[in-house]
Colleague: 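Just dropping this structure here.
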There are 2 protein chains.
Amino acid sequence: MGIKERKIKHKEDLKQSILDAAKKVFLAEGYEATSIRKIAAEIEFSPTTIYLYYKDKNEIAHALHEEGFKMLSEKFQVLAHVEHPFERLKAMGRIYMQFALENSDYYELMFIMKDPIKAFENGCVEEEWDEGKRAFNALVNTIQQCQQAGYFKGFETNSFALVVWSTMHGLCTMKTHGQLELIVQRKEILTDVKDAFTHTFECFVHVLERLK
Amino acid sequence: MGIKERKIKHKEDLKQSILDAAKKVFLAEGYEATSIRKIAAEIEFSPTTIYLYYKDKNEIAHALHEEGFKMLSEKFQVLAHVEHPFERLKAMGRIYMQFALENSDYYELMFIMKDPIKAFENGCVEEEWDEGKRAFNALVNTIQQCQQAGYFKGFETNSFALVVWSTMHGLCTMKTHGQLELIVQRKEILTDVKDAFTHTFECFVHVLERLK
DNA sequence: TGAAATAAATTAACAGTGTTAAGTATATTT
DNA sequence: AAATATACTTAACACTGTTAATTTATTTCA
């Protein structure tokens, strides 16, 4: 009775099981296709049961959004071993880019979609955007250390960090949303899309290098 | 018989009337709430009539997306009177930002949503992304002129243009999607959100100025 | 142990979505 | 006047998130 066993396991912590099921559907079909009914079918419960554990779909979106931040911060772990702050900043950018491309659905949920944010606007989730802030702080700290090493002198640290993040965020979204592909389509110089993405990043790195 | 007169006028060019109705609902309630049924109710026709003039909702999204580009390019007209290329670039950025804030729904449709792009992927619309390309070309040309004036020397023009656009796009989306607000919330230095947005832009301008 | 109270899950329903196939008037052509 | 073509509508499908009311299961207490 594999199904029954699974059901018992589910009951132990149904909230987590719902999230797991949501994640499964989400990864296989994207957020758009992740309906309450599909999640319910996955765990063999009624759709309305989900509302006993999550206030609404936004709260599930927020939970997935948190998962995404856990993933990203794990990938950021390796940065601790990069001593030179500017090298660390570059590595950070590359990790961020890679994450955005390889987990574009998560990226969407973390930085583009409004649904997960609505969750703590509607009072579902108590905390503020701790995950996002932590990630941003890591960037601010690295930039601060770059400044101590002679880079970006005369720039207000927070504003500069926002510029850097904006650039990376803009580039990643333009890539994953297809605008980059459309723009580059007939531009002879940057024929390959992959190149446009990488070249733009490298160009940005050159810009930063010039600010020493 | 105001209604009947209107109906006759509609029949003259129903396709345009549908678009006008779509725009009305879209501006009043945003794209999410712009349903086929609402558009139909607006022009007092059956919902299915719309499918006689537009293949699907993506095609309507694309039509609105075109309207947005017309609006933006109109606002860009004033740039012709700005002689100095770097001043023009800055003005371009400010116009872009203002447009994104004041017409955030249009901006969403033009640069973030995938639906309008699907329209010419699904063969609804013949042309490529001409509007986007034209806007991007304006940016490339300005940057090229900046380079001739001694700015951004040694940078590949197209890549540099993509960096600039990425930064502006990233900043605007972070603003309109609320991330900027959340990040700044507890950062003591940039308490005001409006300030964070403006300050980041100004910081970016300083970055560009340093590349002379 | 058996009845009452509590908790957990379900059924049915609401109000909406994009979209399609089939049917009905209206206008045009033969 | 009959046949054809055009324009539009009705009805329906297969979904969506969400809520209220109801049933089922578990626990508490006399």
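All chains are named by letter (A, B, ...) in the order of the sequence lines, taking the proteins before the strands, and each is independently numbered beginning at 1.
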Colleague: Is it true that B:Arg134 and B:Glu131 have a side-chain N and a carboxylate O under 4.0 angstrom from each other?
Modeller: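 Salt bridge flag = no for B:Glu131 with B:Arg134.
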Colleague: Is it the case that A:Lys175 places NZ or CZ above or below the six-membered ring of A:Phe201, under 6.0 angstrom from the centre and within 45 degrees of the axis?
Modeller: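 Judged by the rule (NZ or CZ under 6.0 Å from the ring centre, within 45° of its axis), A:Lys175 is not positioned above A:Phe201.
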Colleague: Check the distance between D:dT24's P and A:Phe45's CZ and give it to me in whole angstrom.
Modeller: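 From A:Phe45 CZ to D:dT24 P: 16 Å.
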Colleague: In whole angstroms, how far is the P atom of D:dT16 from the CD1 atom of B:Ile36?
Modeller: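 Roughly 19 Å, once rounded to whole Å.
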Colleague: With no hydrogens and no angle check, just 3.5 Å: does a side-chain donor-acceptor pair link B:Glu108 and B:His177?
Modeller: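 Side-chain D/A pair, B:Glu108 to B:His177: present.
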Colleague: Can you measure A:Lys57 atom NZ to D:dC15 atom C1' for me and round it to whole angstrom units?
Modeller: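 Going from A:Lys57 (NZ) to D:dC15 (C1'), I get 12 Å.
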Colleague: Could I get the full list of side chain to side chain donor-acceptor pair (under 3.5 Å) partners for B:Gln147, not counting sequence neighbours?
Modeller: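 Side chain to side chain donor-acceptor pair (under 3.5 Å) check on B:Gln147 returns B:Thr157.
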Colleague: Taking only the side-chain heavy atoms of A:Lys38 (C-beta and beyond), determine which of D:dC8, D:dT9, D:dT16 contains the nearest atom.
Modeller: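 Among the listed nucleotides, the one closest to the side chain of A:Lys38 is D:dT16.
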Colleague: Decide if atom NZ of A:Lys24 counts as having more than 12 heavy atoms of other residues, nucleotides or ligands within a radius under 6.0 Å.
Modeller: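 Incorrect, the count does not exceed 12.
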Colleague: C:dT20 P sits how many Å from B:Ile50 CD1, rounded?
Modeller: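 For the pair B:Ile50 CD1 and C:dT20 P, the rounded distance is 14 Å.
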Colleague: State which residue, out of B:Phe111, B:Phe76, B:Phe99, fulfils the ring pair (Phe, Tyr, Trp, His ring centres under 6.0 Å) condition with B:Phe69.
Modeller: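 Testing B:Phe69 for a ring pair (Phe, Tyr, Trp, His ring centres under 6.0 Å) against B:Phe111, B:Phe76, B:Phe99 leaves exactly one candidate, B:Phe111.
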Colleague: Minimum heavy-atom separation for B:Val82 to B:Arg88, with atom names?
Modeller: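 Shortest heavy-atom contact: O-NH1, 2.9 Å.
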Colleague: Between A:Thr49 and A:Arg37, name the one whose nearest nucleotide on DNA chain C is closer to the 5' end.
Modeller: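 Looking at DNA chain C, the more 5' nearest nucleotide goes with A:Thr49.
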Colleague: For A:Tyr51 and D:dA20, is the shortest distance between a side-chain N/O and OP1 or OP2 below 4.0 Å?
Modeller: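 So the side-chain polar atoms of A:Tyr51 never come under 4.0 Å of the phosphate oxygens OP1 or OP2 of D:dA20.
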Colleague: Can you check nucleotides 23-29 of chain C for protein contacts, nitrogen or oxygen pairs under 3.5 Å, and list what you find?
Modeller:
none

Colleague: Rounding to a whole Å, what distance do you find between B:Glu44:CD and D:dT9:P?
Modeller: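 These atoms are roughly 11 Å apart.
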Colleague: Mind calculating the distance between NZ (B:Lys55) and C1' (C:dT19) to the nearest angstrom?
Modeller: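 After rounding, the gap between these two atoms is 12 Å.
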Colleague: Side chains of A:Tyr107 and A:Tyr96: donor-acceptor distance under 3.5 Å anywhere?
Modeller: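 Yes, side-chain donor-acceptor contact under 3.5 Å.
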Colleague: Please give me every residue in residues 23-34 of chain B whose heavy atoms get under 4.0 Å of an atom in DNA chain D, ordered by residue number.
Modeller: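 Listed by number, there are none.
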Colleague: Taking atom types as they are modelled, would you say the side chain of A:Thr48 forms a donor-acceptor pair with the base of D:dT19 within the 3.5 Å cutoff?
Modeller: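 Check fails, no donor-acceptor contact within cut-off.
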Colleague: Atom CG of B:Leu52 and atom C1' of C:dT20: how far apart are they, to the nearest Å?
Modeller: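 Rounded to the whole Å, the gap is 12 Å.
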Colleague: Charged N to carboxylate O under 4.0 angstrom, B:Arg94 versus B:Glu202?
Modeller: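 No salt bridge links B:Arg94 with B:Glu202.
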Colleague: Between B:Asn58 (CG) and C:dT19 (P), how many Å, whole number?
Modeller: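 The distance from CG of B:Asn58 to P of C:dT19 comes to 7 Å, rounded to the nearest Å.
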